[in-house]
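Read the structure below first, then the notes.
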Amino acid sequence: MPSTFFGLNTAYLGLTAANAAINTTGNNVSNVNTKGYSRQHTVQQATEALRTFTSYGCAGAGVDVLAIERYRDEFYDYKYWRNNAYVGEYSVKNYYMKQIEDYFIDEGTEDEALKGFNTIFDDMYAALADVKKDSGTEDPRRAFLGTAEALTEYFNTMASNLQKMQKDMNAEIKVNVDQINSIAQELVTLNKQINVIEIGGGNANELRDQRALLIDELSQIVDVETEEQNVEDPNNPGRDTGATRYIVKIAGGQTLVDDRVSYSLICKARTSDEKVNQNDADGLYDIVWSNGNKFSLKNASMGGKLKGLAQLRDGNNGEYFHGTVSNIGSKTIDGKAHSTVTIDVTAEYLKDINKCTLSDSGGVIMLGNKEFHFDSWTMNYNKTTGIYSYEFVVSDSTKNESTNVFGAIGKEATIGSAIDYQGIPYYMEQMNEWVRSYTKAFNDIMTQEGSVDNYGNKGKPLFKGDKLTDSGQWDFADSYLSPDGESFSISSTDNSYYRLTAFNFAVDDAMLKDPDLMATHTNNADNESKYDIVDELIDLKTNVNKMKFRGSSASQFLQCILSDVSLNGQSAKNFSDNYSHIAKSIDTQRLSVSGVDEDEEAMSLVKYREAYNLACKMVQTLTEIYDRLILETGV
């Protein structure tokens with residue numbers, strides 16, 4: 001039979017349970033606007049019944065509060081984190097593609113600072129038409145040269161703007177890597193604190209919320225996976241210690257945090273002789289783990305802002321240098337012996353020097369699975385065999401730990417990697433290709449057989465390339481040594497059109513000072529007022545047989561580029577909007593489980609208040625019983 005005071009203990013347990021529930025509800029109400037907070041509730045269970053050894057067997061002994069737990073659905077967390085990586089990736093692409101589109105777009109304004117390609121190109125040909133009307137005087141030629149210089153400045157400015165954007169993306173990659181490292185350290189700290197509390201039998205609800213909030217933040221920077229494992233007592237298998245091992249993986253399964261250990265990322269700037277592309281900005285970052293392992297920004301499994309930034313910064317539309325090693329040789333340069341590697345290529349874009357993006361300051365080439373620095377390269381075409389190949393001069397031991405390349409024959413050789421997105425390198429290459437193709441076609445007309453200037457001398461090329469490291473200009477004299485269709489060799493050190501880029505596109509300095517150096521006719525014409533060369537130059541604007549860019553004429557450069565920019569920009573905007581809407585939808589579902597609802601909490605307060613009051617009334621009732629029992633019936 002239970003004791004006389006058994007009921008009082010039962011009432012006390014009901015009182016404490018109701019009090020715990022009220023306090024928990026109050027905590028929920030206080031955190032109704034706290035970001036990442038998960039609604040909490042008390043877990044109650046009937047206390048083990050007391051055997052009474054009577055006909056009814058057992059008597060209920062009240063209630064126990066087992067724990068205060070939070071409402072959380074891990075499935076919605078997983079969905080949110082996975083979608084958040086897409087939100088981060090496409091928000092970055094949307095932001096930068098808008099900038100690229102703003103740079104290229106031509107609204108036909110008369111403001112010199114805002115003119116686009118079509119306006120500038122049309123102005124140049126309008127001035128060329130004036131030269132045709134009066135080719136014997138200086139003023140029309142001077143005006144034309146001014147518009148030609150405006151065209152070169154347009155490409156110079158565009159290249160500078162795109163490279164500046166590439167530097168901005170590079171800096172943002174560094175910021176995001178630092179943020180990943182910071183989050184990793186915070187996660188390690190939270191893991192320790194959570195284990196300290198939960199080994200003691202409690203639930204670290206608020207700390208777990210903070211950890212989930214950090215994963216929310218991390219998931220927008222890079223794709224993330226999490227795993228939590230229970231830690232068992234090694235001396236008593238099957239016994240749960242209350243401790244857990246929390247693992248965070250990023251970028252397709254690479255471990256960032258393993259419970260109390262974090263692995264940091266390091267941004268390593270490329271040197272000038274480690275460039276992947278000819279027009280890459282200096283100091284672009286490669287990322288490595290602190291233990292020396294590689295962290296590939298080209299990882300196809302990676303997501304988040306980091307993926308978007310990497311694709312924008314390095315995207316080459318899948319066009320990169322690759323081929324098969326066919327020969328190993330040697331050369332002596334400046335008294336030093338160097339190994340050479342000949343690589344046969346088959347990709348069409350690698351057979352056109354106008355599309356070449358290889359660095360002229362050296363770089364790093366992968367031969368099989370080994371890296372080697374190279375100093376220079378030569379593009380070769382053998383008319384007899386029809387084979388296109390590149391010969392690379394391998395750097396000496398000051399740059400390479402080993403210069404032994406003799407086992408590379410038959411292996412694949414690569415520089416960079418295929419990044420199937422139209423990023424900064426792609427648009428740089430497109431501008432370079434147009435500039436090189438147009439300049440060559442234009443200069444060929446200006447310097448054709450029989451061309452003469454106003455002094456009776458042979459015509460000179462109008463467009464040249466400024467030497468960026470010293471004074472003077474490239475005049476592409478070496479390009480005329482290789483007739484179309486014949487075998488040729490073009491070195492990265494030659495004075496060829498490879499030297500011309502959107503950065504250094506320029507008009508001949510001497511011709512700007514003296515317009516009479518501009519050839520407008522050939523000696524087949526009757527006199528200097530004839531304009532057969534000018535006629536050919538005017539025809540060059542629309543004649544695809546004289547100059548072709550992506551199957552179009554010279555004047556359609558902007559349409560070709562804007563078609564790419566607009567498509568990528570619209571795609572990025574659509575995906576950004578779609579994934580943002582999905583994120584909101586998932587977050588709404590997640591909040592329906594873990595969020596605090598004010599109306600629901602108000603009802604809980606009423607419910608637990610009544611439970612508390614009833615427990616109090618039970619205590620009051622039992623007090624009256626004890627008064628009668630002790631004071632009035634006691635002996």
Side-chain angles (χ1 to χ4, degrees), residues 103 117 120 145 148-171 269-284 313-314 316 321 333-334 353-364 373-379 392-393 395 399 415-416 423-440 442-443 460-480 490-513:
Y103 284 144
F117 173 82
I120 294 172
L145 292 172
E149 188 175 30
L151 178 68
T152 64
E153 289 175 351
Y154 165 79
F155 279 96
N156 299 161
T157 301
M158 284 299 304
S160 296
N161 287 339
L162 290 181
Q163 191 177 80
K164 181 180 181 299
M165 192 182 298
Q166 190 181 43
K167 291 179 180 178
D168 291 342
M169 296 168 184
N170 192 53
R270 298 174 193 161
T271 60
S272 60
D273 59 354
E274 292 177 333
K275 286 185 177 181
V276 175
N277 301 295
Q278 184 179 15
N279 293 138
D280 277 348
D282 291 333
L284 295 187
R313 190 194 72 173
D314 301 326
N316 54 23
F321 182 87
I333 302 175
D334 296 332
I353 193 66
N354 288 338
K355 297 180 179 181
C356 183
T357 62
L358 291 175
S359 172
D360 58 356
S361 59
V364 177
H373 284 265
F374 65 87
D375 294 331
S376 62
W377 52 267
T378 302
M379 178 185 179
F392 290 85
V393 177
S395 305
K399 294 182 180 179
I415 297 176
I424 298 298
Y426 170 77
Y427 295 110
M428 288 284 201
E429 185 277 325
Q430 293 290 291
M431 290 195 298
N432 289 350
E433 181 185 348
W434 187 92
V435 165
R436 290 165 177 169
S437 300
Y438 182 75
T439 298
K440 184 178 187 308
F442 198 101
N443 287 349
K460 296 180 179 180
L462 170 67
F463 291 114
K464 293 188 176 181
D466 288 332
K467 294 182 178 180
L468 301 180
T469 56
D470 52 26
S471 60
Q473 293 181 303
W474 301 106
D475 60 6
F476 321 118
D478 292 341
S479 297
Y480 299 99
I490 301 174
S491 170
S492 59
T493 59
D494 286 344
N495 180 10
S496 70
Y497 280 102
Y498 161 76
R499 291 289 192 175
L500 180 63
T501 68
F503 277 102
N504 67 349
F505 188 31
V507 175
D508 178 39
D509 289 337
M511 204 173 294
L512 283 173
K513 295 175 182 177

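The chain is numbered in sequence order, starting from 1.
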Taking all heavy atoms of K464 and all of W474, pick out the closest pair and write down the distance. CB-O, 3.2 Å
Interatomic distance, OH@Y154 vs CD1@I120, rounded to 0.5 Å, equals 7.0 Å
Taking the side chain as everything from C-beta on, heavy atoms only, tell me whether F476 gets closer than 4.5 Å to K440. no
Okay, side chain of Q473, backbone of A506: is any donor-acceptor separation there less than 3.5 Å? no
Under a plain distance cut-off of 3.5 Å, with no hydrogens placed, do N277 and N316 share a side-chain donor-acceptor pair? no
Under a 4.5 Å cut-off applied to non-hydrogen side-chain atoms, are L462 and V507 in contact? yes
Would you name the heavy atoms of L500 and R436 that are closest together and state the gap between them? O-NE, 2.7 Å
Ion pair present between D508 and K460, side-chain N to carboxylate O less than 4.0 angstrom? no
Give the minimum heavy-atom separation between N170 and G283, together with the two atoms involved. ND2-O, 3.2 Å
Restricting to ring pair (Phe, Tyr, Trp, His ring centres under 6.0 Å), what partner residues turn up for Y426, sequence neighbours left out? none
Closest heavy-atom pair and its distance - R313, Q166: O-NE2, 3.0 Å
Heavy-atom closest pair, residues A502 and N156: O-ND2, 2.8 Å
If you define the side chain from C-beta out and look only at heavy atoms, does anything of D478 sit under 4.5 Å from I490? no
How many angstroms lie between OG1 in T501 and CD in Q278, if you round to the nearest 0.5 Å? 6.0 Å
Does some side-chain heavy atom of E274 sit less than 4.5 Å from a side-chain heavy atom of H373? yes
Could you walk me through whether Y498 and M379 pass the side chain to side chain contact (heavy atoms under 4.5 Å, CB included) test, one step at a time? CA-CA 11 Å; Y498 161 76; M379 178 185 179; over 6 Å; no
Any side-chain heavy-atom pair from I353 and Y497 closer than 4.5 angstrom? no
For the atom pair OG1 (T157) and CZ (F503), what is the distance rounded to the nearest 0.5 Å? 10.5 Å
Would you say the side chain of M431 lies within less than 4.5 Å of the side chain of F505, judging by non-hydrogen atoms? no
Return the minimal non-hydrogen interatomic distance between D360 and R499, and the atom names on each side. OD2-NH1, 3.5 Å
Do K164 and D168 meet the salt-bridge criterion of a basic N to acidic O distance under 4.0 Å? yes
Parallel, tilted or perpendicular: which one describes the rings of W434 and Y438, with boundaries at 30° and 60°? parallel
Using the side chain to side chain donor-acceptor pair (under 3.5 Å) definition, which of the options D280, D282, T357 pairs with K275? D282
Could you check whether any side-chain heavy atom of D314 comes within less than 4.5 Å of a side-chain heavy atom of L284, counting everything from C-beta outward? yes
Any donor-acceptor N/O pair, S376 side chain to V393 backbone, under 3.5 Å: no
Which value, rounded to the nearest 0.5 Å, describes the distance between F117 atom CZ and M158 atom CE? 11.5 Å
Can you confirm whether D334 is buried at CG, in the sense that more than 12 heavy atoms of other residues, nucleotides or ligands lie under 6.0 Å from that atom? no
Testing the 3.5 Å rule here: is there a donor-acceptor pair between the side chains of D375 and S395? yes
Rounded to the nearest 0.5 Å, what separates atom CG in N432 from atom OG in S437? 10.0 Å
Flag side-chain contact, heavy atom, 4.5 Å: Q163 against M428: yes
Any residue meeting ring pair (Phe, Tyr, Trp, His ring centres under 6.0 Å) with F374, in chain and number order, not counting sequence neighbours: F392
Within this structure, what is the CD-OG distance for the pair E153 and S160, rounded to the nearest 0.5 Å? 11.0 Å
